[in-house]
Amino acid sequence: MKRTQRCGELRKEHVGQTVTVCGWVDTKREMGHLVFIDLRDIAGKVQLAFDVEKRPEIHAAAKNLHGEYVVQATGTLRARDPKNVNAKLATGEIEIDVAALEVLNTAKTPAIEVRDEIKTDPEIRLKHRFIDLRRRPMQRILQARAAMIRSMRATLDAEQFTEIETPILYKRTPEGARDFIVPSRAYPGQFYALPQSPQLFKQLCMVAGLDRYYQIARCFRDEDKRADRQPEFTQLDIEMSFNDREDVMALLEKVVPNFVRALQQDPTFKDCDWPVLKCGEVKAPFERMTYETAMRDYSIDRPDLRSRDLRLTELTAWAKGCSFNAFKGAAENGLVKALRCPGMAEAFSRGQIGNLERDAKGMGASGLASLTVGAPVSVGATYMSPLQGAIAKFIPAGEQDALVKACKAQPGDLIFICAHAKEKVVHAVMHNLRTVVAQKLNLLDPSKFALTWIIDFPLFEYKEEEEKLYASHHPFTLAQDMELVRKLAEAARKSGDGSVISRLKAAGFSLAQVLGIRNNQYDLVLNGTEIAGGSIRMHRTDWQEDVFELVGISKEEAEKKFGFLMNALAHGAPPHGGVAMGIERNLMCYFGLENIQEVMAFPKSATGRDLMIDTPNEVEPKLLKELGIEMTPPK
RNA sequence: GGGGGCGUAGCUCAAUUGGUUAGAGUGCCGGCCUGUCACGCCGGAGGUUACGGGUUCGAUUCCCGCCGCCCUCGCCA
C-alpha cells in the first residue's frame, strides 16, 4: 500500500498517527532551515514540514523537490501551533512532520500552472489536457459528472430498467445530421456509420420485449461545432413499453430531482461555486406549458421562464386596422408582436436601440419599432396621444390607446414592435429581444432554476415554398389524434395528383386542421435550454405508413430507409416511447458554464480536432488500399 | 461554406506614425532566509513576434497567402 489517506482527507482527528500520503508537489516554500511543501491530490492539499535540525538528509531531499514532482511522504501528523493555522485550507490545522520521503517521479515544468483560476488560451489547455485536468475545478466537474450519471443509473435501476449497449458501428441514415462513416475492410467500398443517437435500436429493444431500456449513450454528429456542441457527446437514452407520455414525464421527474439532490448533498462539492448548489430543491411535478402558449407568450419553444412575466403580445388583429402601412401590410398574412418592457422608457440609449434594430434586420426583419409610453393628457379639446417614438406620428391617438391597452402598458414603459410577413422572422426577433430585455432587468439569475415541460407540439410543420409537410419532431412520433391522421392519409391516397396539401384541400380538409394535430412529444426546458426531449412512438405499421404518406415518404423510400424498423413494428411491437437527455448540456446549466469543452474530459476543438493526440490524421496508403479507398490528390 | 476576433518569452499581456538592444508580471533555474502557506529578498536564463511571401533603407506594426484557436450565421434535435 502506497498511502494511508489522501492528502486532502487529513484532519485534526488524525493527529498523532503515522501517515503516508502520495501526491504532486504543489508549492515549495524554503525558509532556510525550514522547508514547507504543499502536497496535492484529488482530495486536496496537505502541508509537509521539513526541519534541517531534526532530519538533515530529509530536509536536503525536500530542497531538491520541484513543482509537479510525484512524491510519497511518511511522517507523524501533528497539530499546528494556533498562530500557524491556515484558515483558508481544509487541512490548515495540521501538517505532516516528514520522516521519509520518496520521489516517485520527476516532472517537466508544465505549460499550464496547476491553479484554480487561470486565463490560459483554450488551445493550450486542450493541448495539455492532462495538466489542465489536474486543476481542482476541472476535477470537481468530472467528479460531478460521474455523480450525476451514478444517480441516473441508481434511479433507473430502481425503476426496473435494463442498461443495454447498442452498436457504435451503425448504418448511415440519410435523415438528420451528417454521419461519420467508417470504412469496412471485409466489404471494400462499403461503410458503417457512427450513430447520431441509438433511436432505432432502442425501439427495437422494445419490440424485443426488453420492456425498459436505458443507456449512457455516446452520439456522433458530423456537423460544424458551436460553443455547446461537440462531434461526440453523451445522452441518457431511455425507452419504455406500455406507457404513455405521463409515464415518461413522471420518470424524469424522479431522475432530475434525484441527481440534483445527489450533487447538492455530496460533500465533495461543498466548496464549489455552482448554480446547481444554490438553486434549492427541484420540485416535482414540473410545470407544463403547451407549445402554443410558449410560442404565443415567448416566441420560442424553449422559453426561459426566469423571466416568465415578460410576455409578448400579439398585435396582428390591431395591426390589420393600423394606419401605419408597414404594420398593416405585414399583418395581412404575417405576424405582428410587441414586447412591453416595464419602466424601461429610459433604459436603452439611442445607440443600444440602434443595435437592437440592426440585430433584428440581421434576422430578416425590415425594422424594429420602439415606442415609449407617456401619460395620456388632454390639452384643451385636443387629446394628446400617449406614445413617443419615430413612428408614433403615423399612428392616430385612438389606435395608440388600443395598442397601449393591448400591451397592458403603463406610463414609463417601452414597447418594441416587430411586424413581418414571415412568422419565423418575428419569432426570432422577439425571442432575441426578450432575452436582451430580461438580461437588462437582471431576471436571468443563474442560480434560479426554471424547469418546464413543453408539450402538445404540432405533428406537422408546413413548408410553404415546397408545399410540403414535415414531421416536426421525427416521423415516428405518435399523433394525439391518429384517427384524423388516418382520414387524412386515406384522402391523400385517393385523390391522385398535386401536392399532399392540395389533395387534402380537394378532399375538404384545411391546412389549419392538418397543422392543428398535436403529437406526443415532450421537451424538458431549463432556463431556456432544452435539456431533454422525447416522444411516444407509433408502434403500428399502418399508422407509420399513414404519416409517411402525409410527409411524402414513398413506400420504396420508407422500405429503403426504415425497412428494418417497419418490419420490426410488424412483428408485435408494443406501445412504447422514451426520452433522451443531453448530459453535457445539463452540466453546463448546472455549473453555469458557456462552453461544452469545460464539462468533458477530452473534448475536441471547435474544428473537430483533438489537439493533444492530434487527430484526425492520415493513415498508411497500404491501409487505404486494403479498404478500397483512393485519395484524390490535395489541391 | 460565409462573417468576426485572436496568434509576441513556459503562461498572461505590453511595445507611440513603420525606427534601431522586443519589455512587464508570473512561472522556471540558482543563491540567501527557522513558521511559511500566492512566503520574502537577490541574481540568472528564456524570443524564428504561428508559418510563408510581399512593400520598405528598415516590419511585431502595412499588404497577400496559409495554419491554428475562439465566437457566430448556415448546418445540426
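In what follows, chains are A, B, ... by sequence order, proteins preceding strands, each numbered from 1. If you're wondering where the values come from, they're calculated on a predicted model, not measured in any experiment.
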Report task. Name the pairing partner of B/rA24, where a pair is Watson-Crick or G-U wobble with both distances under 3.5 Å, or state none. Result -> B/rU12
Requested in this report: In whole angstrom, give me the gap between the P atoms of B/rA15 and B/rU56.
Outcome: 27 Å
Query raised in the report: Taking NZ, NE, NH1 and NH2 as the nitrogens, is one of them in A/Asp41 or A/Arg6 under 4.0 Å from a carboxylate oxygen of the other?
Result: no
Report task. Determine whether any donor atom in the side chain of A/Glu30 lies under 3.5 Å from an acceptor atom in the base of B/rG31, or the reverse, and answer yes or no. Result -> no
Requested in this report: Using a 4.0 Å heavy-atom cut-off across all strands, classify A/Gly582 as base, sugar-phosphate, or nothing.
Outcome: nothing
Query raised in the report: Is the shortest side-chain N/O distance from A/His66 to OP1 or OP2 of B/rC29 below 4.0 Å?
Result: yes
Query - Exercise: identify the closest heavy-atom pair between A/Gln235 and A/Ala580 - result: OE1-CB, 3.5 Å
Query raised in the report: Partner of B/rC67 by Watson-Crick or G-U wobble geometry, both contacts under 3.5 Å, or none?
Result: B/rG7
Query raised in the report: Looking only at side-chain N and O atoms, does A/Gln597 come under 4.0 Å of OP1 or OP2 in B/rC70?
Result: yes
Report task. Using a 4.0 Å heavy-atom cut-off across all strands, classify A/Ile118 as base, sugar-phosphate, or nothing. Result -> nothing
Requested in this report: Check the distance between B/rG31's C1' and A/Met31's CE and give it to me in whole angstrom.
Outcome: 15 Å
Query raised in the report: Are A/Gln196 and B/rA77 close enough that a side-chain N or O sits under 4.0 Å from OP1 or OP2?
Result: yes
Query - Set of residues satisfying side-chain hydrogen bond (donor to acceptor under 3.5 Å, both in side chains) with respect to A/Arg302, sequence neighbours excluded - result: none
**Report entry** Nearest-Å distance for atom pair NZ/P, residues A/Lys225 and B/rU72
**Finding:** 14 Å
**Report entry** Under-3.5 Å donor-acceptor pair between A/Arg115 side chain and B/rG27 base
**Finding:** no
**Report entry** Rounded interatomic separation in angstrom, taking NZ from A/Lys63 and C1' from B/rU36
**Finding:** 15 Å
Report task. Take atom CD of A/Glu113 and atom C1' of B/rU12, then tell me their distance rounded to the nearest Å. Result -> 9 Å
Requested in this report: To the nearest 0.5 angstrom, please state how far the SG atom of A/Cys22 sits from the CD atom of A/Gln72.
Outcome: 4.5 Å
Query raised in the report: Under 4.0 Å between a side-chain N/O of A/Asn595 and OP1 or OP2 of B/rC71, yes or no?
Result: yes
**Report entry** Integer angstrom distance from the C1' of B/rU60 to that of B/rC13
**Finding:** 14 Å
Report task. Indicate, with a heavy-atom threshold strictly under 4.0 Å, whether A/Ser472 touches base, sugar-phosphate, or nothing. Result -> base
Query raised in the report: For A/Thr27, which contact category applies under a 4.0 Å heavy-atom criterion: base, sugar-phosphate, or nothing?
Result: sugar-phosphate
Query raised in the report: Looking at A/Tyr590 versus A/Phe259, is the centre-to-centre ring distance below 6.0 Å?
Result: yes
Query raised in the report: Using a cut-off of 4.0 Å on non-hydrogen atoms, how would the nucleic acid contact of A/Glu95 be classed: base, sugar-phosphate, or nothing?
Result: base
Query raised in the report: So what does A/Asn84 touch, heavy atoms closer than 4.0 Å: a base, only the sugar-phosphate, or nothing?
Result: base
Report task. For B/rG65 versus B/rG23, give the span between their C1' atoms, rounded off to a whole number of Å. Result -> 31 Å
Query - Donor-acceptor pair (no angle test) under 3.5 Å: A/Asp224 side chain, B/rG74 base - result: yes
Query raised in the report: Between CD1 of A/Ile536 and CD of A/Gln521, what distance do you get to the nearest 0.5 Å?
Result: 11.5 Å
**Report entry** Nearest-Å distance once atom P is located in both B/rU49 and B/rC11
**Finding:** 15 Å
Query raised in the report: Can a donor-acceptor pair under 3.5 Å be found between the side-chain atoms of A/Arg229 and the base atoms of B/rC76?
Result: yes
Report task. Kindly give the heavy-atom pair with the smallest separation between A/Leu34 and A/Phe36, and that separation in Å. Result -> CD1-CZ, 4.0 Å
Query - Per A/Arg226 side chain, nearest of listed nucleotides B/rG68, B/rG74, B/rC76 - result: B/rG74
Report task. Pick the P atom in B/rG25 and in B/rC41, then give their distance to the nearest Å. Result -> 11 Å
Report task. For A/Arg78 and for A/Gly608, find the nucleotide of RNA chain B with the closest heavy atom, then tell me which residue's nucleotide is more 5'. Result -> A/Arg78
Query - Check: A/Phe476 ring centroid to A/Phe562 ring centroid under 6.0 Å - result: yes
Query - Watson-Crick/G-U partner (both atom distances under 3.5 Å) of B/rU49 - result: none
Query raised in the report: Under 3.5 Å, is there an N or O donor on one side and an acceptor on the other linking the side chain of A/Arg29 and the base of B/rC33?
Result: no
Query raised in the report: Mind checking the C1' distance from B/rC71 to B/rC29? Whole angstroms is fine.
Result: 39 Å
Query - Residue A/Ser605, side-chain atoms from C-beta onward, closest of B/rC76, B/rC69, B/rU36 - result: B/rC69
Report task. Report the residue (A/Glu530 or A/Lys119) whose heavy-atom-nearest nucleotide on RNA chain B is the more 5′ of the two. Result -> A/Lys119
Query raised in the report: In whole Å, what separates the P atom of B/rA24 from that of B/rG44?
Result: 11 Å
Report task. Scan every strand shown for a Watson-Crick or G-U wobble partner of B/rA38, both distances under 3.5 Å, and answer none if you come up empty. Result -> none
Report task. Have a look at A/Lys88 and say if it touches a base, only the backbone sugar-phosphate, or nothing, with a 4.0 Å heavy-atom cut-off. Result -> sugar-phosphate
Requested in this report: Could you tell me the separation between the CD1 atom of A/Ile37 and the C1' atom of B/rC39, rounded to a whole number of Å?
Outcome: 13 Å
Query raised in the report: So what does A/Leu34 touch, heavy atoms closer than 4.0 Å: a base, only the sugar-phosphate, or nothing?
Result: base
**Report entry** A/Lys604 NZ to B/rG68 P, straight-line distance once rounded to whole Å
**Finding:** 16 Å
Query raised in the report: Using atom C1' of each nucleotide, how far apart are B/rU12 and B/rU17 to the nearest Å?
Result: 28 Å
Report task. Using only side-chain N and O atoms of A/Thr607, determine if any of them is under 4.0 Å from OP1 or OP2 of B/rG68. Result -> no
Query - Spacing between A/Phe50 atom CZ and B/rC37 atom P, to the nearest angstrom - result: 18 Å
Query raised in the report: In whole angstrom, what separates A/Phe457's CZ from B/rA77's P?
Result: 15 Å
Requested in this report: From the options B/rC76, B/rC70, B/rC37, select the nucleotide whose nearest atom is closest to the side chain of A/Arg80.
Outcome: B/rC37
Would you mind writing out the side-chain donor-acceptor pairs for residues 525-535 of chain A within the sub-3.5 Å range, not counting sequence neighbours?
| residue | atom | partner | partner atom | Å |
| --- | --- | --- | --- | --- |
| A/Asn527 | OD1 | A/Ala450 | N | 2.8 |
| A/Asn527 | ND2 | A/Lys448 | O | 2.9 |
| A/Ser535 | OG | A/Arg537 | NH1 | 2.7 |

Query raised in the report: Applying a 3.5 Å limit to both distances, which nucleotide forms a Watson-Crick or G-U wobble pair with B/rA77?
Result: none
